[in-house]
Enquirer: 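Let me begin by handing over the structure; questions about it come next.
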Amino acid sequence: MGLEETLRLTVAALMQATGDSQRVLAAVLGLTQTQVSRRQTGATSWSLRDVDVLAEHYDVAVLDLLAGPTRACEALPAARRRGSNAEKGAAR
């Protein structure tokens with residue numbers, strides 16, 4: 001599996017773990033939802049800038065993000081996970 005596919009799978013896993021939608025990522029990246037979708041389907045490549053912004057958004061190191069879904073999800077702070085206590089407190 002190449003780096004492009006690994007990154008697509010990693011982003012999908014992080015979106016699942018956090019509950020982020022493509023619209024959320026689009027806002028974070030300054031893109032449209034369609035542009036994020038094209039990146040996730042492989043029609044367009046993620047840029048290095050995108051990788052930097054995604055790593056910052058998910059609060060993981062760039063190398064963890066590029067290492068694949070398992071490593072990135074392990075590095076994801078508990079407070080960023082869907083259903084975390086911090087998320088529940090913020091929703092009040």
Side-chain angles (χ1 to χ4, degrees):
M1 176 179 346
L3 186 56
E4 286 278 342
E5 185 176 354
T6 299
L7 184 56
R8 286 193 302 272
L9 293 172
T10 301
V11 171
L14 289 169
M15 289 172 64
Q16 178 68 30
T18 61
D20 283 353
S21 65
Q22 287 184 351
R23 289 188 201 286
V24 168
L25 286 189
V28 166
L29 292 162
L31 301 172
T32 66
Q33 181 273 324
T34 301
Q35 289 172 309
V36 171
S37 177
R38 292 182 54 79
R39 283 163 171 75
Q40 278 302 93
T41 61
T44 303
S45 296
W46 290 103
S47 71
L48 290 176
R49 178 200 164 277
D50 294 338
V51 172
D52 280 338
V53 173
L54 288 168
E56 184 177 335
H57 173 68
Y58 288 114
D59 199 18
V60 299
V62 169
L63 292 178
D64 289 332
L65 188 69
L66 297 175
T70 301
R71 181 67 198 118
C73 288
E74 288 171 349
L76 187 67
R80 290 288 288 122
R81 296 181 187 279
R82 181 193 321 231
S84 73
N85 288 335
E87 183 181 292
K88 290 176 189 170
R92 291 182 190 178

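Sequence positions, counted from 1, serve as the residue numbers for this chain. The figures here come from the full heavy-atom set of this structure, side chains too, leaving out hydrogens, waters and symmetry mates.
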Enquirer: Could you report the tightest heavy-atom contact between M15 and Y58, atom names first, then the distance?
Expert: CG-OH, 3.6 Å

Enquirer: For L66 and T6, what are the C-alpha separation, side-chain angles and deciding distance, and is it a side chain to side chain contact (heavy atoms under 4.5 Å, CB included)?
Expert: CA-CA 7 Å; L66 297 175; T6 299; over 6 Å; no

Enquirer: In this structure, which one of E4, R38, R8 forms a side chain to side chain contact (heavy atoms under 4.5 Å, CB included) with S45?
Expert: E4

Enquirer: For L54 and L25, what are the C-alpha separation, side-chain angles and deciding distance, and is it a side chain to side chain contact (heavy atoms under 4.5 Å, CB included)?
Expert: CA-CA 8 Å; L54 288 168; L25 286 189; 3.9 Å; yes

Enquirer: Kindly determine whether D20 and L14 satisfy side chain to side chain contact (heavy atoms under 4.5 Å, CB included), including the steps that lead there.
Expert: CA-CA 8 Å; D20 283 353; L14 289 169; over 6 Å; no

Enquirer: Do Q35 and T44 have side chains that approach each other closer than 4.5 Å (heavy atoms only, starting at C-beta)?
Expert: no

Enquirer: Would you compute the distance between atom CD of Q40 and atom CG of L9 and round it to the nearest 0.5 angstrom?
Expert: 8.5 Å

Enquirer: Q22 and S37: which non-hydrogen atoms are nearest, and at how many Å?
Expert: OE1-CB, 3.4 Å

Enquirer: Kindly indicate whether the side chain of H57, heavy atoms from C-beta on, has any atom under 4.5 Å from the side chain of L65.
Expert: no

Enquirer: Hey, does the side chain of R81 reach the backbone of C73 with a donor-acceptor pair shorter than 3.5 angstrom?
Expert: yes

Enquirer: How far apart are the closest heavy atoms of T10 and P69, and which atoms are they?
Expert: OG1-N, 3.1 Å

Enquirer: Keeping the roles fixed (side chain from R82, backbone from Q16), state whether a donor-acceptor pair exists under 3.5 Å.
Expert: yes

Enquirer: Below 4.5 Å, heavy atoms only, C-beta onward: do D64 and L76 meet side chain to side chain?
Expert: no

Enquirer: Linking I/L/V/M/F/W/Y whenever any side-chain heavy atoms sit under 4.5 Å apart, do V53 and V51 land together?
Expert: yes

Enquirer: Can you get from V62 to L3 by hopping between Ile, Leu, Val, Met, Phe, Trp and Tyr side chains that sit under 4.5 Å apart?
Expert: yes

Enquirer: Between D50 and L31, is any pair of side-chain heavy atoms under 4.5 Å apart?
Expert: yes

